Amino acid sequence: VITNTPTYAVDNNMTATNNSYTAAADSCAGTGGYDILSNYTDNQMRDFEKVLHVVSAGNDGNYTCSPYPISFATVKSGYQSAKNVLTVGAMDQTNYSIANFSSRGPVKDGRLKPEIVASGLNVYSTAHIFRYGFNSGTSMSGPMVAGATTLLNEQYRKSNLGAVPKASLIKALLCNTAEDLGNP
């Protein structure tokens, strides 16, 4: 979807994407680095300032990436570490906390990621072969936030004579109205 964003944005007026995948390895070595994919995504978001890429943080929260304690500094490199995307972690709705498997920052340059979390543990969703079932992961929480992004975008358009908001405004609205579940 990110690669095809220029076409989709121009031809279909796309304003949000959901990206529940990574191009990074599943280890601490390359985790959280601002790399060529991060740069590509940020440049694209500058060119298409009304498209917000919502990216799942990853499910490496059970790793220990020294010198950080368990779970920290486990956000993937690439799309997840881009500066302008909205990176989404998973939360456990039962005890109202970050899910233990959910990747979290900081990323290599010190930025805090994910910016937001949503329900990602035991989410009832689509499953293989035309069924439904429970699943867990940031790939469950990312689509929820992408959906909220499109609803905010739609309401903005209704309230502003059809004007399309910048992705940075939608990201700011989501981040600044969320409840802080992190360290005080």
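Everything numeric in this text was worked out from a predicted model, so none of it was measured.
Judged by distance alone, the side chains of N43 and D47 never bring a donor and an acceptor atom under 3.5 Å apart. A side-chain N or O of K113 and one of T87 form a donor-acceptor pair less than 3.5 Å apart. For the 3.5 Å distance criterion, the side chains of D35 and S38 qualify, holding a donor opposite an acceptor. Counting only N and O atoms by type, the side chains of S159 and Q155 include a donor and acceptor under 3.5 Å apart.
Under the 4.5 Å side-chain heavy-atom criterion for grouping Ile, Leu, Val, Met, Phe, Trp and Tyr, V117 is not connected to L121 through any hydrophobic cluster. Cluster annotation: I2 is connected to M45 through the hydrophobic network of ILVMFWY side chains, with a link wherever side-chain heavy atoms come within less than 4.5 Å. Note: the hydrophobic cluster containing M91 does not contain V88 (ILVMFWY, side chain heavy atoms under 4.5 Å, direct or indirect links). Criterion: ILVMFWY side-chain heavy atoms under 4.5 Å apart, direct or through other members. Under it, F101 and F72 are not part of a common hydrophobic cluster. Under the 4.5 Å side-chain heavy-atom criterion for Ile, Leu, Val, Met, Phe, Trp and Tyr, M144 and L173 are members of distinct hydrophobic clusters.
Contact check for K108 versus S81: no side-chain heavy atoms found under the 4.5 Å cut-off. Side-chain atoms of L86 and C175, non-hydrogen and from C-beta on, do get closer than 4.5 Å to each other. Considering only heavy atoms from C-beta on, N84 comes within 4.5 Å of R46 through its side chain. For the pair T5 and T7, the minimum side-chain heavy-atom distance is 4.5 Å or more. Residues Y156 and V164 are not in side-chain contact: their nearest non-hydrogen atoms beyond the backbone lie 4.5 Å or more apart.
Separation of atoms NZ (K171) and NZ (K166) is listed at 14.5 Å; rounding is to 0.5 Å. Expressed to the nearest 0.5 Å, how far CG of D180 lies from CD1 of I116 amounts to 11.0 Å. Rounded to the nearest 0.5 Å, atoms NZ (K50) and CG (N153) are 9.5 Å apart. How far OG of S56 is from OH of Y21: 10.0 Å, rounded to the nearest 0.5 Å. Within the model, atoms CG of N62 and OG1 of T74 stand 9.0 Å from one another, a figure rounded to the nearest 0.5 Å. The distance from atom OG1 of T150 to atom CE of M14, rounded to the nearest 0.5 Å, is 12.5 Å.
In terms of modelled atom types and a separation under 3.5 Å, the side chain of S141 and the main chain of G120 share no donor-acceptor contact. In this structure, the side chain of S136 engages the main chain of N122 through a donor-acceptor pair within 3.5 Å. Under a 3.5 Å cut-off, the side chain of D60 and the backbone N or O of S103 do not form any donor-acceptor pair. At least one donor-acceptor pair under 3.5 Å links the side chain of D92 to the backbone N or O of T94.
Residues S119 and Q93 approach most closely at OG-CG, 3.2 Å, considering heavy atoms. Contact between N13 and R157 at its shortest, heavy atoms only, is O-NH2, 4.0 Å. Contact detail for A148 and L174: the closest heavy-atom pair is CB-CD2, 4.3 Å. Considering every non-hydrogen atom in both Y68 and A73, the closest pair reads CD1-CB, 3.3 Å. Residue S102 comes nearest to T138 through the heavy atom pair OG-CG2, 3.8 Å, listed as atom of the first residue, atom of the second, then distance. Considering all non-hydrogen atoms of both residues, A57 and P114 come closest at CB-CB, 4.3 Å.
Note: Y79 and Y40 fail the aromatic proximity criterion, with ring centroids not under 6.0 Å apart.
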Trace of the side chain to side chain contact (heavy atoms under 4.5 Å, CB included) decision for V54 with V85: CA-CA 6 Å; V54 177; V85 304; over 6 Å; no

Trace of the side chain to side chain contact (heavy atoms under 4.5 Å, CB included) decision for V51 with T15: CA-CA 4 Å; V51 178; T15 58; 5.6 Å; no

side-chain hydrogen bond (donor to acceptor under 3.5 Å, both in side chains) between K76 and T22, intermediate numbers included: CA-CA 7 Å; K76 296 295 193 186; T22 184; 5.6 Å; no

Criterion side chain to side chain contact (heavy atoms under 4.5 Å, CB included) on C65 and I70, from CA distance to verdict: CA-CA 7 Å; C65 294; I70 189 168; over 6 Å; no

L52 and T149: CA distance, side-chain angles, deciding distance, side chain to side chain contact (heavy atoms under 4.5 Å, CB included) verdict: CA-CA 8 Å; L52 179 58; T149 297; 3.8 Å; yes

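In this structure, L112 places its CG atom where only 12 or fewer heavy-atom neighbours from other residues, nucleotides or ligands lie under 6.0 Å away. Counting heavy atoms of neighbouring residues, nucleotides and ligands inside a 6.0 Å radius, atom OH of Y8 does not exceed 12 of them.
For the pair K83 and Y34, the cation sits on the ring face: its NZ or CZ lies under 6.0 Å from the ring centre, inside 45° of the axis.
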